[in-house]
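A short worksheet on the structure shown next.
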Amino acid sequence: MEKVVVIQRISCLLLILLLVASALPVLAADHGETAYTQARRQYLRLLQSEAKQKHRDNWERVIHAFEQVAHDYPRHRREVDALYMAGRCWEGLYENSHNAADARRAIAAYDRLVERYPDSRLADDGLFFGGELARQLADFPGAYLRFTRVVEDYPKGDMLARARNGLELLDRVPAAAAAAPAVGMNAAPSAAHPSNPAPAPAAATGEGRLEGIRFWSNPNYTRVVLDLDHKVHYHSQVLGSGSDAATTRRLFIDLEATDPAPEVGPSLDVKDGLLSRIRTGRSADGTTRVVLDLTSLGDFTVFELSKPQRIVIDVRGEEPGAAAPAAPTGGDTIGGLLKKAPAEAPLPSVANRKHRGPLCIVVDAGHGGKDPGAIGPDGVLEKNVTLAMAKELARELPKMVPCKVILTRDHDIFIPLEERTALANKARADLFISLHANASPSHAAYGTETFFLNLAKNDRAAELAARENGTSLEDVGALEAILFDLMAHAKINESSRLASDIQRHLVSSLSNHYSHVRNLGVKQGPFYVLLGATMPSVLVESAFISHPREEKRLNSSRFRSRSAAAIAAGVKAYVDSMKLLVQR
Ligand SMILES: [Zn+2]
């Protein structure tokens, strides 16, 4: 009996072995299936943990796995599944990140599926989900296109009812937001229903996001910065108040296709000098309007900076005795106030100061915190050099001229460039000096140069401005286009004189102590940190941190204190030449 059982067991085992052996060649050959199964398993694990779903890298790992299957096994039966799953995962990531770029990646994955496998059972799913995401991103033509294809090309598919419903929702989007549908989509119901007052809330969701609002004011000036998650179209207008037009003004900025972040409340009482209140509202067409209530409004400048994207609004108050603005007739008028000539704005400068007392000089240590600035071949960081030199300069300046010194930063902290100028304007500073260390891709470049704000005269100045601004050369090109508007209040002549005095003293003083001191001269360039400064302002590049010899110098306290003393001597020469001391 026992023998029989053993034999039976052996034959059972043999049978299993045979089955496994016959199956093995097939399994071993199907790497595509294995890779897909593994990616799918990762996906299911991610779905089981809400905590894991909060982390971008977890999603990206799974997405990569699916995309790898599609890439490595084209025309494998799992390619279509992998493309579909990649789309689902990008979508899952988007639901957590709310980052429009993730939604666009999902749409791209679905589109690829439809393009490669139009006859697949997943094609209409890809079209519908892609259309739904396009609708959420306010890409209404894109949504129409996809929903219409589901209805026309896949009438027997399981997405038909949902696509029809999507088209109905789109029909309620205001015409202006929906834009002209592409050719061939006129079968879709007309998008023009201006009388319909109730767009579906989700349909008007903008693509941009107003992340925050920052501001700095004094009674005559305010700078407001709108932080955005990416570039948006905007326009600005002024409105007179109906009741008290002579003293109250409103300026608004409309941000197209933009939602305010939840942290940005509808109204903020500021009561800080010129700026009394900031209000934010979103219209049905997806535009976010930011209204600045001002105690007076002389003129204003709006410009945008990139990386990160932000819109800067500089408002100057009305000068006492300036002509009263045209009174609004019958509520809000726009054109007259908008065309009003900019007020002559003789803001305090060293040469023409209305208030007495010591000068106020803002010393700006370049970079800081997460922004190290340029890094030398031996690892010396520009942000540390500039901070040490700024502290030294703050000690030296009062020895040379009666003055109060304000440091934009006195420790290792990140401060956006536009905030530095805003602080100087708010403090009504008489001079603004930004300290930096130069850098060049060529380790042979060395020397000393001082800049003031203007269009770049040559490519190297433009390159340096791009580096100091943390942007690209293209951004500098775009900046030069708006610079013209900003120059009206910039003290260009005074800035160039201040730059010359500082540069001359720096070079002559350093030459007394060091060999190979090279005078690169006074230059001009479009530096963010100098934009909108209402006082003479310069940017000093005392040496090249990218040059080994000059990196060593910048890293020595002796060189830094000598440089600071020379800059202070330059400031004194400038102040003397402006005959300031005679006025006191
Ligand atoms: Zn710098």
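We count ligands from 1, going down the list as the structure has it; atoms in each ligand are counted the same way. Computation of the quantities below employed the complete heavy-atom set of this structure, encompassing side-chain atoms and omitting hydrogens, waters and symmetry-equivalent molecules. One-based numbering along the sequence shown.
Residues Phe544 and Ser440 are in side-chain contact: their nearest non-hydrogen atoms beyond the backbone lie under 4.5 Å apart.
Sorted by first and then second residue, the pairs that involve residues 359-380 and meet ring pair (Phe, Tyr, Trp, His ring centres under 6.0 Å), not counting sequence neighbours, are His367-His436. Screening residues 364-381 for salt bridge (charged side-chain N to carboxylate O under 4.0 Å, His left out), with sequence neighbours left out, gives Asp364-Arg420.
Between Arg497 and Glu494 there is no salt bridge, since no side-chain nitrogen of the basic residue lies less than 4.0 Å from a carboxylate oxygen of the acidic one.
Listing protein N, O or S atoms at distances below 2.8 Å from the Zn ion (ligand 1), with waters left out, gives His367 NE2, Glu382 OE2, His436 ND1, Glu468 OE1, Glu468 OE2.
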Intermediate values then yes/no, side chain to side chain contact (heavy atoms under 4.5 Å, CB included), Arg277 and Ser267: CA-CA 7 Å; Arg277 189 168 51 156; Ser267 180; 3.6 Å; yes
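By the ring pair (Phe, Tyr, Trp, His ring centres under 6.0 Å) test, Tyr514 pairs with Phe559, sequence neighbours left out.
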